[in-house]
Amino acid sequence: MLIDLLVAVVLLLFVIGVIADARRFANAVLLGVFLTLMAVAHGRDLLVYRHALDDTWLASPVLEGLAVLLLCCLLIGNGVRMVRKEGSSPANLLTFVAGVGLLSLLLLTVAAFVTELHALATAVVIAAVLTAYFVFLFVCFTVYGYAYSRLAAPSGLDYIVVLGSGLTGGDRVPPLLAGRLDRAHAVFEDQVAGGGEPVLITSGGRGPDEAVAEAQAMADYLAARGVPAGSLLREARSATTEENLRNSKALMDERGSGYRCVIVTNDFHAFRAAMIARKVGVDAHVLGSPTASYFRPSATMREFAAVVLHHRWIHLTVCALLASACRLILL
């Protein structure tokens, strides 16, 4: 069957892409397409072998609506929890805004069905298609990124780069950053136990509300846990992830070429950090440290939004084409 051939081709392309460079967003999309085709093929088998076309299928729009409503409640609930625990910054409102947006689309869909207004129905269809496009990409990004962040560290490392994420009270390492440092420390201990002598690079500059540079506070945290002073190197000038990686690369290049390194950050940030590392020429895998479950949805949305904005012209073009196609079909 054609769909079985498509599944095989997409899987082959995915495997080739991961082997060539696991840090490409195209790999995430290929994984999403593969899983979607598998779901379609499985659904086809259900229809063929179980003769599932009966009156119960009429209830599917209702079930889908209830599923979307449940998702809206979960997103809004997570948004409220984020505000209570982390404050009401724009980044912490992402899940709340997403939940309200989906709920609005659901209500507009019901209104279009009840009123039978063609203009409203057209707008709802276009909004639903564009939403489906970004939801698909987000799921691809999340699933592949989570799997990527769980890959094991290679052996024979020369450097372990830890990315900063801000300090508490101007000089204290917060739990989010402590998770990164603990993961880096564990990798360091494993490498030393295997006979290696890696250098830990703490990367992060001093913010306007910080008494010391993040790199210094991070190095102090690691030193207090037994990392020798000679195994610590501070990069204290960066303010963004890209600067973290560029400046850390410069430090490593100054000490020689042909080195092997890994980068450590939180799991929600690992895949985007890997894409940035690829962009700036750092040949390294990115390891992810665990993140509190309530924090991960909003943080992952923030990472995804940053990726989308970086390639905004591509996505704007796709959205324009999808909207035009919907309008033509519904004329």
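As the structure is a prediction and not an experimental result, all values here were calculated from the model.
Y144 places a side-chain heavy atom less than 4.5 Å from the side chain of V18. Under the 4.5 Å side-chain criterion, counting only non-hydrogen atoms from C-beta, R302 is in contact with F268. Side-chain contact check for V282 versus K249: some heavy-atom pair is nearer than 4.5 Å. Within the 4.5 Å cutoff, side-chain heavy atoms of R278 are placed close to those of R24. At a threshold of 4.5 Å between non-hydrogen side-chain atoms, the residues T241 and H269 count as touching. Under the 4.5 Å side-chain criterion, counting only non-hydrogen atoms from C-beta, L222 is in contact with T202. The side-chain heavy atoms of V173 and T168, taken from C-beta on, include no pair separated by under 4.5 Å.
Smallest separation of non-hydrogen atoms from S203 and V161: CB-CG1, 4.5 Å. The two residues L176 and S165 make their nearest non-hydrogen contact at CD2-OG, 4.3 Å. Listed here is the closest heavy atom pair of R150 and Y146: NH2-OH, 3.2 Å. Minimum interatomic distance between Y148 and A284 (heavy atoms only, all atoms of both residues): OH-O, 4.3 Å. V83 and S88 make their closest contact through CG1-CB, 4.1 Å (heavy atoms, listed as atom of the first residue, atom of the second, distance). The two residues L105 and A127 come nearest to each other via the heavy atoms CD1-CB, 3.8 Å.
To the nearest 0.5 angstrom, N27 atom CG is 11.0 Å from C140 atom SG. H285 contributes atom NE2, which lies 10.0 Å from atom CZ of R23 (distance to the nearest 0.5 angstrom). Between the CG atom in L102 and the CG atom in L74 there is a gap of 11.5 Å [rounded to 0.5 Å]. One finds the CD1 atom of I19 at 12.0 Å from the CG atom of D21 (value rounded to the nearest 0.5 Å). Between the CZ atom of R246 and the CG atom of L251 there is a distance of 14.5 Å, given to the nearest 0.5 Å.
For F14 and F34, the gap between ring centers reaches or exceeds 6.0 Å.
Cation-pi contact between R225 and Y221: present, with separation from the ring centre below 6.0 Å and deviation from the ring axis of at most 45°. In this structure, K85 fails the cation-pi test against F295, since its NZ or CZ atom is not both closer than 6.0 Å to the six-membered ring centre and inside 45 degrees of the ring normal.
Judged purely by atom type and a 3.5 angstrom limit, N244 has no side-chain atom pairing as donor or acceptor with the backbone of A273. Side chain of S298 to backbone of A91: a donor-acceptor contact under 3.5 angstrom is found. Counting only distance, with no hydrogens or angles, the side chain of N92 and the backbone of G87 share a donor-acceptor pair below 3.5 Å. With hydrogens and angles disregarded, no donor-acceptor distance shorter than 3.5 Å links the side chain of S149 to the backbone of G288. Distance alone, capped at 3.5 Å, is enough to place a donor-acceptor pair between the E210 side chain and the L167 backbone. A distance-only check finds a donor-acceptor pair linking the side chain of Q191 to the backbone of L157 [under 3.5 Å]. For E303 (side chain) and T300 (main-chain N/O), no donor-acceptor pair under 3.5 Å exists by modelled atom type. The main-chain N or O of L163 is found under 3.5 Å from a side-chain atom of R180 such that the two form a donor-acceptor pair. Side-chain atoms of E235 come within 3.5 Å of backbone atoms of R237 as a donor-acceptor pair (strictly under, hydrogens ignored). Remark: the backbone N or O of R81 is not paired with any side-chain donor or acceptor of R84 at under 3.5 angstrom.
D267 pairs with exactly one of R183, R296, R272 by the salt bridge (Lys or Arg N to Asp or Glu O under 4.0 Å) rule, that one being R296.
Dense packing is recorded around CG of D253, with more than 12 heavy atoms of other residues, nucleotides or ligands lying under 6.0 Å away.
When only modelled atom types and interatomic distance are considered, Y159 and R255 share a side-chain donor-acceptor pair under 3.5 Å.
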Hey, can you pull the donor-acceptor pairs under 3.5 Å for the side chains in residues 317-331, sequence neighbours left out?
| residue | atom | partner | partner atom | Å |
| --- | --- | --- | --- | --- |
| T317 | OG1 | W313 | O | 2.8 |
| S324 | OG | A320 | O | 2.9 |

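For N78, the side-chain hydrogen bond (donor to acceptor under 3.5 Å, both in side chains) test picks out T95, with sequence neighbours left out.
F271 and F141 have tilted rings, their planes meeting at an angle from 30° to 60° on a 0 to 90° scale.
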